[in-house]
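Right, one structure below, let's go through it.
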Amino acid sequence: MKILVIGTGGREHGILEALRRTDPSAHDPAAGSTAPVDPRPLELFAAPGNPGMAQLAECRAVDPASPAAVVALAQELGAELVVVGPEAPLVAGVADALRDAGVPTLGPDQAAARLEGSKAFAKEVMAAAKVPTAQARTCIDDATVAEALDAFATSGAGTPVPWVVKADGLAGGKGVVVTTDRAEAEQHATDCIAKEGQVVIEEYLDGPEASVFCLLDGTTARALPAAQDFKRAGDGDLGPNTGGMGAYSPLPWAPEGFEDEVVRTVAQPVADEMARRGTPFVGVLYVGLALTAAGPRVIEFNVRFGDPDSQAVLARLDSPLAPLLLATATGTLADAAEPTFGEQPACVVVLAADGYPASPVTGGAITGIAEAEARGAVVLHAGTRTEDVSGDPAGQGARTPQLVASGGRVLDVVARGADLAHARENAYAALSLIDLPGGWARTDIAAEAAAGRITL
Ligand code: AMP
Ligand code: GLY
């Protein structure tokens, strides 16, 4: 089966790695499945890809945000499934164009991708589907902002709580301000209104956060095991928001049946509501939640796998990924075998470039990946490229490609362990073998959970 993965980062490398590792042609026919198992080995393609992905797939150039270019490539390759990694192509209508061309695609149409593309739209769908989430108001001017900030200034118990002010559109994780400083909340609201004409102000949700990736085939919803991701740059969840500095799965502190509850109270109602609107959701619904004292509440939706949280989830997958994604793309998830996951936890630590997130320094040479992998870790490329450097100081012209950093988040070091403490130890031990000048990582990924200090 020919599969094309669109994207350039650690998430897409993780998807390819899981596809390869669970290649169904190398597995027993999936137990419990009523669907025929494809005996052909996987042929994997990536576009644009990265040097890590190039070890698992044939990489092709493409403008991922151009629907016509992605369709032309999928047709040229004869792709039988396209997996769209990032949100921008989905919001640009790449999945619509692929489906119109008859190519099974994992990723929602533009209309359904608005669940990530517009916070106000996501809130509207949640209200219609009766999904538990923070109370929110969409504000359009200073007066409505002031009213909303007054309304959410205190908890039911009368104690002051932070304000949550969100840009409506895609902001690469930088659109949300959570603050107890009213002037800062007002300033962010004013900035958002100036840019987009509106801003979402909502109730503060207090509780540990979880990511649950749900596969939706337009009708049926199914959850993968939950993960937790670390969005802040600094240890102790201090510092600026980033794209994600690490993750682990499963969550030892989550209540029994948590993922099933998310399907029942969130993913299935959203699937039903989107179908009712005539814009069925086909792809991955990333449900970001806070586990509050009153139960799980949705913080946000994304319309694709999380990065780096899905790397932790897919690292534990034992059953074949390709037929599961194909079933999602073709509306046959109800007939697909339940995916199975290994007990051993997975921990992902991100190696970031000097200066990330404000102004990452690119071009630094990366060494030690083979040593880290020899220690049992899987090293996924998030922001790398190869550069030809002269390997011959005598000037004979010999050139060896050198791997260098090309983005803020450079590598994801993924490791498993008998328990979460060992998984994180293994990830950090492997990371210590990798060198990138000025490179840095958080030192506390999964530490609280491994020590049993997260409670509900
Ligand atoms: P988002 O872009 O919606 O994922 O928000 C980014 C981060 O802001 C989330 O991961 C949370 O840590 C925080 N956040 C967003 N909304 C809320 C909320 N209602 N209450 C508390 N924290 C929030
Ligand atoms: N892990 C956060 C994200 O993918 O948006």
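When reading the values below, keep in mind they use all heavy atoms of this one structure, side chains included, and skip hydrogens, waters and symmetry mates. Both ligands and their constituent atoms are indexed starting at 1 by order of listing.
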Checking side chain to side chain contact (heavy atoms under 4.5 Å, CB included) between Ile299 and each of Val164, Leu205, Thr133, which is the one that passes? Leu205

So, for Ala427 and Ala415, which heavy atoms are closest and what is the spacing to 0.1 Å? N-CB, 3.4 Å

For salt bridge (Lys or Arg N to Asp or Glu O under 4.0 Å), just list the numbers for Arg442 and Asp237, CA-CA rounded to whole Å, side-chain angles, deciding distance to a tenth of an Å, and then say yes or no. CA-CA 9 Å; Arg442 269 181 72 157; Asp237 287 330; 3.1 Å; yes

Which of the atoms in ligand 1, numbered in the order shown and given with their element, are less than 4.0 Å from a heavy-atom of Ile299? 15 (C), 16 (N)

Going by the atom numbers of ligand 1, which of them fall below 4.0 Å from some non-hydrogen atom of Lys231? 10 (O)

Note: heavy atom closest to atom 3 (C) of ligand 2, options Gln311, Arg11, Arg304, belongs to Arg304

Using a 4.0 Å cut-off to any heavy atom of Asn302, which atoms of ligand 2 qualify? 5 (O)

Per-atom contacts, ligand 1 versus Glu202 - under 4.0 Å to a heavy atom: 16 (N), 17 (C), 18 (C), 19 (N)

Which of the atoms in ligand 2, numbered in the order shown and given with their element, are less than 4.0 Å from a heavy-atom of Gly306? 4 (O)

Ligand-residue contact atoms, ligand 2 with Tyr286, heavy atoms, under 4.0 Å: 1 (N), 2 (C), 3 (C), 4 (O)

Considering only heavy atoms, which of Val176, Thr292, Val298 lies nearest to atom 8 (O) of ligand 1? Val176

Does any N/O atom on Asn241 come nearer than 3.5 Å to any N/O atom on ligand 1? no

So, does Gly244 sit close enough to ligand 2 that a heavy atom of it is under 4.0 Å from the ligand? no

Identify which one of Ile434, Asp412, Val379 satisfies the side chain to side chain contact (heavy atoms under 4.5 Å, CB included) criterion when paired with Leu351. Ile434

Arg316 side chain to Gly342 backbone, donor-acceptor under 3.5 Å: yes

Crowded around Asp141 CG? As in, over 12 foreign heavy atoms under 6.0 Å? yes

Sole residue of Pro225, Pro250, Pro296 in side chain to side chain contact (heavy atoms under 4.5 Å, CB included) with Phe258: Pro296

Exactly one of Leu215, Leu321, Asp318, Leu224 clears side chain to side chain contact (heavy atoms under 4.5 Å, CB included) with Pro339, and that residue is Leu224

Just to be sure I read this right, does ligand 1 sit under 4.0 Å from the backbone of Lys119, its side chain, both, or neither, counting only heavy atoms? side chain

Side chain Arg409, main chain Val350, donor-acceptor under 3.5 Å: no

Any N/O of Asp309 closer than 3.5 Å to an N/O of ligand 2? yes

Quick test of your reading of the structure: of Glu209, Lys166, Glu300, whose heavy atom lies closest to atom 16 (N) of ligand 1? Lys166

Evaluate Val178 for polar contact with ligand 1, using N/O atom pairs at a separation under 3.5 Å. no

Under the criterion salt bridge (Lys or Arg N to Asp or Glu O under 4.0 Å), I'd like the reasoning laid out for Glu273 against Arg276: C-alpha separation, chi angles, the key distance, then a yes or no. CA-CA 5 Å; Glu273 173 63 19; Arg276 193 189 65 73; 2.9 Å; yes

According to the interplanar angle, ranging from 0 to 90°, do the rings of Tyr248 and Phe230 count as parallel (below 30°), tilted (30 to 60°) or perpendicular (above 60°)? tilted

Give a yes/no verdict on whether any heavy atom in Arg297 is under 4.0 Å from an atom of ligand 1. no

Of all heavy-atom pairs linking Ala377 and Val413, the shortest is CB-CG1, 4.0 Å

Just which atoms of ligand 1 are under 4.0 Å from any heavy atom in Val164? 16 (N), 17 (C), 18 (C), 19 (N), 20 (N)

Looking at Asp229, which atoms of ligand 2 are within less than 4.0 Å of one of its heavy atoms? 1 (N), 2 (C)

Any N or O on Lys231 sitting closer than 3.5 Å to an N or O of ligand 2? no

Is Tyr204 close to ligand 1, meaning an N/O of one under 3.5 Å from an N/O of the other? no

